[in-house]
Colleague: 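A single structure is presented below for examination.
Note: hydrogens, waters and symmetry copies are ignored here, and every other heavy atom, side chains too, is used. Remember, it's 1-based here, ligands and their atoms both numbered in the order they're listed. We count residues from 1, following the sequence as given.
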Amino acid sequence: MKNNALLLEINDLKTYFYLDEGVLKAVDGVSFKIKREKTLGLVGESGCGKSVTAQSILRIVPHPGKTEGEILFHQNNKKVIDLARLDPFGKEIRNIRGNEITMIFQEPMTSLSPLHTIGNQIMEAILLHQKINKQKARRLAIEMLDKVGIPIPSQRIDEYPHQLSGGLRQRAMIAMALCCKPNLLIADEPTTALDVTVQAQILELMKDLQKEFGMSIIYITHNLGVIAEITDEVAVMYLGKIVEYGSIDEIFHNPLHPYTVRLLKSIPKVGRKARMRLESIKGAVPLPLGLPRGCRFYPRCPQFKEGLCNLDNPPLVEVQEKHKVRCFLFG
Ligand SMILES: Nc1ncnc2c1ncn2[C@@H]1O[C@H](COP(=O)(O)OP(=O)(O)OP(=O)(O)O)[C@@H](O)[C@H]1O
Ligand SMILES: [Mg+2]
């Protein structure tokens with residue numbers, strides 16, 4: 001497979017929830033591309049629309065949410081499917097979900113059932129999408145558990161999720177997500193609940209498996225610090241919109257949007273004095289319901305300019321190759 005071939009192309013994605021209180025614009029005109037074997041980091045504070053973006057791609061947005069826009073998925077056989085046009089309960093998306101595109105979560109029990117052994121769950125996922133017998137599926141499941149670093153996989157395959165430690169459960173969930181060798185893995189805060197050492201191991205594991213399987217990853221996190229190791233490009237989201245987009249180096253060394261600058265300042269650093277408080281961003285993320293005119297970040301922005309930022313929504317402009325920002329300070 002060509003290395004820089006496109007895998008997913010999202011154009012003007014909008015997912016709105018039609019609530020009694022009004023229209024909640026969780027994702028509001030998001031566009032990005034992911035190449036094969038590359039990783040995109042999707043970053044932002046809680047409530048910015050990261051998970052709803054992921055749900056939109058997999059077409060699992062709960063009622064009363066509706067998705068519009070294009071989600072062009074380039075399949076291996078060169079067919080391009082617009083996932084946004086598929087019936088969310090139809091056969092086509094069910095063949096893609098859990099097979100060509102899979103997802104892992106912060107909490108493994110979101111995808112693992114407490115009632116079945118991890119082996120049976122992984123085998124079920126394999127048998128759903130591959131025409132092989134049970135014995136072969138079991139062998140594949142053991143192989144997969146071995147690949148994700150679960151010791152003595154031929155025994156642990158028959159254990160229930162509660163018999164595993166938090167780190168091993170996370171590995172079992174990754175094994176389930178990867179058993180069909182997906183082209184795209186969406187990882188939604190998969191290491192947030194783990195301690196720092198286990199977190200680093202899981203990131204390392206994902207990097208290795210990405211190379212081995214040649215898959216692309218969308219890595220969702222609120223912590224920019226976590227993704228430096230794993231991502232190629234980063235999209236910073238605020239209130240349903242991408243406010244900055246660039247290579248990981250650009251975002252880290254030349255952040256432009258005041259929101260990105262503040263996010264970077266809130267990363268815990270080794271060696272920082274224990275009593276020194278991390279800078280947090282003033283104010284909280286409001287609900288994207290009946291938002292006022294202007295830039296969505298202006299009420300919290302230290303560089304707010306009256307008569308400019310509160311009047312219009314700034315466009316996303318390319319300030320240099322592969323670096324875009326949505327802020328009046330930059331064009
Ligand atoms: N099922 C739903 N019904 C109504 N509103 C929802 C629903 N799911 C999410 N939202 C709203 O959509 C917005 C985006 O939520 P989302 O879960 O995507 O945030 P997030 O960036 O993933 O945050 P976190 O870091 O906390 O996971 C929020 O305002 C949230 O309240
Ligand atoms: Mg989320």
Side-chain angles (χ1 to χ4, degrees), residues 10 12-32 39-69 71 83-84 88-89 101-111 170 173 177 184-194 199 202 217-227 230-231 234-245 251 257 259-260 262-264 266-268 278 280-281 283-292 295-297 299-300 313 326:
I10 293 187
D12 204 21
L13 181 72
K14 291 181 178 159
T15 296
Y16 294 175
F17 291 96
Y18 295 86
L19 309 174
D20 291 342
E21 298 85 349
V23 181
L24 188 150
K25 301 182 173 180
V27 177
D28 197 14
V30 161
S31 304
F32 59 81
T39 302
L40 173 78
L42 201 53
V43 194
E45 287 166 290
S46 187
C48 287
K50 306 181 296 292
S51 295
V52 175
T53 301
Q55 292 169 351
S56 308
I57 297 170
L58 286 166
R59 303 302 313 279
I60 51 170
V61 172
H63 178 80
K66 286 214 165 58
T67 296
E68 273 179 33
I71 306 169
L83 303 181
F89 302 102
I101 306 179
T102 57
M103 188 156 171
I104 55 175
F105 303 88
Q106 172 176 350
E107 176 39 67
M109 296 316 281
T110 314
S111 39
Q170 206 74 10
M173 175 174 60
L184 175 65
L185 173 72
I186 304 178
D188 194 352
E189 306 260 13
T191 62
T192 313
L194 304 171
Q199 194 170 319
I202 297 279
I217 301 179
I218 298 181
Y219 197 97
I220 296 177
T221 178
H222 61 270
N223 184 353
L224 258 168
V226 169
I227 56 167
I230 189 163
T231 64
V234 179
V236 181
M237 272 188 92
Y238 187 71
L239 276 185
K241 285 192 184 294
I242 290 179
V243 296
E244 186 158 5
Y245 192 101
I251 296 292
H257 200 288
Y259 181 63
T260 314
R262 307 297 283 190
L263 270 185
L264 280 164
S266 65
I267 301 177
L278 288 173
S280 60
I281 306 175
V285 183
L287 278 180
L289 247 177
L291 289 171
C295 169
R296 295 190 173 182
F297 188 58
R300 302 173 70 196
N313 208 327
R326 187 188 291 285

Colleague: Does an N or O from P64, backbone or side chain, lie closer than 3.5 Å to an N or O of ligand 1?
Modeller: no
Colleague: For atom 23 (O) of ligand 1, which of the options G47, S56, C48, P62 provides the nearest non-hydrogen atom?
Modeller: G47
Colleague: Considering heavy atoms of the protein only, find what lies nearest to atom 5 (N) of ligand 1 and give residue, atom and distance to 0.1 Å.
Modeller: F17 CD1, 3.6 Å
Colleague: Nearest 0.5 Å please: distance from the CD atom of E21 over to the CG atom of L287.
Modeller: 9.0 Å
Colleague: Under 4.0 Å from any heavy atom of P288, which atoms of ligand 1 are there?
Modeller: 29 (O)
Colleague: Report the part of T53 (side chain from C-beta onward, or backbone N, CA, C, O) that has a heavy atom under 4.0 Å from ligand 1; answer both or neither where that applies.
Modeller: neither
Colleague: Please state which protein non-hydrogen atom is closest to atom 11 (C) of ligand 1 and give its distance, to 0.1 Å?
Modeller: L24 CD2, 3.6 Å
Colleague: Would you mind listing which atoms of ligand 1 come within a distance below 4.0 Å of any non-hydrogen atom of S51?
Modeller: 17 (O), 18 (O), 20 (P), 22 (O), 27 (O)
Colleague: Could you tell me the residue and atom name of the protein heavy atom closest to atom 26 (O) of ligand 1, and the distance to it rounded to 0.1 Å?
Modeller: S46 OG, 2.4 Å
Colleague: Kindly say whether M237 contributes a backbone atom to a donor-acceptor pair with the side chain of K50 at under 3.5 angstrom?
Modeller: no
Colleague: When rounded to the nearest 0.5 angstrom, what distance separates CE in M173 from OG1 in T110?
Modeller: 7.0 Å
Colleague: So, 2.8 Å as the limit: is an N/O/S atom of S46 located closer than that to the Mg ion (ligand 2)?
Modeller: no
Colleague: When rounded to the nearest 0.5 angstrom, what is the spacing between CD1 in I242 and CG in D28?
Modeller: 12.0 Å
Colleague: Atoms of ligand 1 less than 4.0 Å from V52 heavy atoms?
Modeller: 9 (C), 15 (O), 16 (P), 18 (O)
Colleague: Where is the nearest protein heavy atom to atom 25 (O) of ligand 1: which residue, which atom, and how far?
Modeller: K50 NZ, 2.9 Å
Colleague: Rounded to the nearest 0.5 Å, what separates atom CD1 in I218 from atom CE in M103?
Modeller: 9.0 Å
Colleague: Can you tell me if Y259 and E45 form a side-chain donor-acceptor pair at under 3.5 Å?
Modeller: yes
Colleague: Is it the case that the side chain of R296 and the backbone of Y238 share a donor-acceptor pair, with hydrogens and angles ignored and the cut-off at 3.5 Å?
Modeller: no
Colleague: Of the protein's non-hydrogen atoms, which lies at the shortest distance from atom 12 (O) of ligand 1, and what is that distance?
Modeller: A26 CB, 3.3 Å
Colleague: When you compare the side chains of Y219 and T191, does any donor N or O come within less than 3.5 Å of an acceptor on the partner?
Modeller: yes
Colleague: Quick check on contacts: which atoms of ligand 1 are under 4.0 angstrom from a heavy atom of L287?
Modeller: 29 (O), 31 (O)
Colleague: Specify side chain, backbone, both or neither for H222, according to which of its non-hydrogen atoms lie closer than 4.0 Å to ligand 1.
Modeller: neither
Colleague: From the options L291, V52, T15, L19, select the one residue that forms a side-chain contact (heavy atoms from CB on, under 4.5 Å) with L24.
Modeller: L19
